[in-house]
Structures are given as structure tokens and as C-alpha cells.
Amino acid sequence: MKAHGASLAAELALLLNFMEQLQLQIQVNGEAREYIGVHTVAQLLAHLGHDAVPCAVEVNQQLVPKAKHSQHQLHGGDRVELVTLVGGG
């Protein structure tokens, strides 16, 4: 029984490690946030519902052009600034 418990503990540790790798901790507009399954700027915008909204994206004070949103990888600790454009007068 002890070997089964050790095996289960090892499997649980692997699962927790895997889940931590999926989890992304970043700052969005100065607010700390955690995401699972978000790895690119495009995925972040889709998750936030901004994928169809014109906006400027800055990661660590570097502008990310819209053409690069799907390729730009996010990393833990990144600071993302989103500026949506609002029309009106």
C-alpha cells in the first residue's frame, strides 16, 4: 500500500508541475492577473474580448504590432498595457 501512495504522490506532483507551467502570471494595465492556456498576445486579447476591438498593445514597454500578436509569446512577469481606441467627440 505504501508504494501505491508514493506513486500517487509522484503523479500528483507531476500534475501540479504541469499545471504551473500552463499558468501565466502577468500584469495587464497595472493589475496582476493569472491565466491558463494564454501564451500569446492574440490569445490574451481573445480571452479579454478585445480581439475584434482596435487597440494598441505594449509588452514590457515595447509596442507589439498587430501583425505580430499571434506570434508574440508572453512570459511570466510580463507587463502588458492595452489601450483601446474610442471614437467620439
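The first residue of the sequence shown is numbered 1, and numbering continues consecutively from there. Since this is a predicted model, take the numbers as computed values, not measurements.
A heavy-atom distance below 4.5 Å is not found between the side chains of Leu24 and Ile36. In this structure, His50 and Thr84 have side chains that are in contact, with non-hydrogen atoms separated by less than 4.5 Å. Put simply, the side chain of Ile26 reaches to within 4.5 Å of the side chain of Leu44, judged on heavy atoms. By the 4.5 Å heavy-atom criterion applied to side chains, Cys55 and Leu45 are counted as neighbours.
Between the side chain of Gln62 and the main chain of Val59, no donor-acceptor pair closer than 3.5 Å is present.
For the side-chain contact (heavy atoms from CB on, under 4.5 Å) test, residues two or more places apart in sequence or in another chain that qualify with Gln71 are Lys68. For Glu34, the side-chain hydrogen bond (donor to acceptor under 3.5 Å, both in side chains) partners two or more places apart in sequence, or in a different chain, are Gln23, Gln25. Here Asn60 pairs with Asp78 under the side-chain hydrogen bond (donor to acceptor under 3.5 Å, both in side chains) rule; sequence neighbours left out. Legend: residues meeting side-chain contact (heavy atoms from CB on, under 4.5 Å) with Ser70, ordered by chain and number and at least two apart, are Ala42. Listed by chain and residue number, Arg79 satisfy the side-chain contact (heavy atoms from CB on, under 4.5 Å) test with Gln27 (two or more places apart in sequence, or in another chain). Listed by chain and number, the residues in a side-chain contact (heavy atoms from CB on, under 4.5 Å) with Arg33 are Val28, Glu31, Tyr35, Leu48 (sequence neighbours excluded).
No more than 12 heavy-atom neighbours from other residues, nucleotides or ligands sit within 6.0 angstrom of CD on Gln61.
Nearest heavy-atom pair across Leu63 and Val57 is CD1-O, 3.4 Å.
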Test side chain to side chain contact (heavy atoms under 4.5 Å, CB included) applied to His69 and Thr40, step by step: CA-CA 7 Å; His69 286 183; Thr40 66; over 6 Å; no

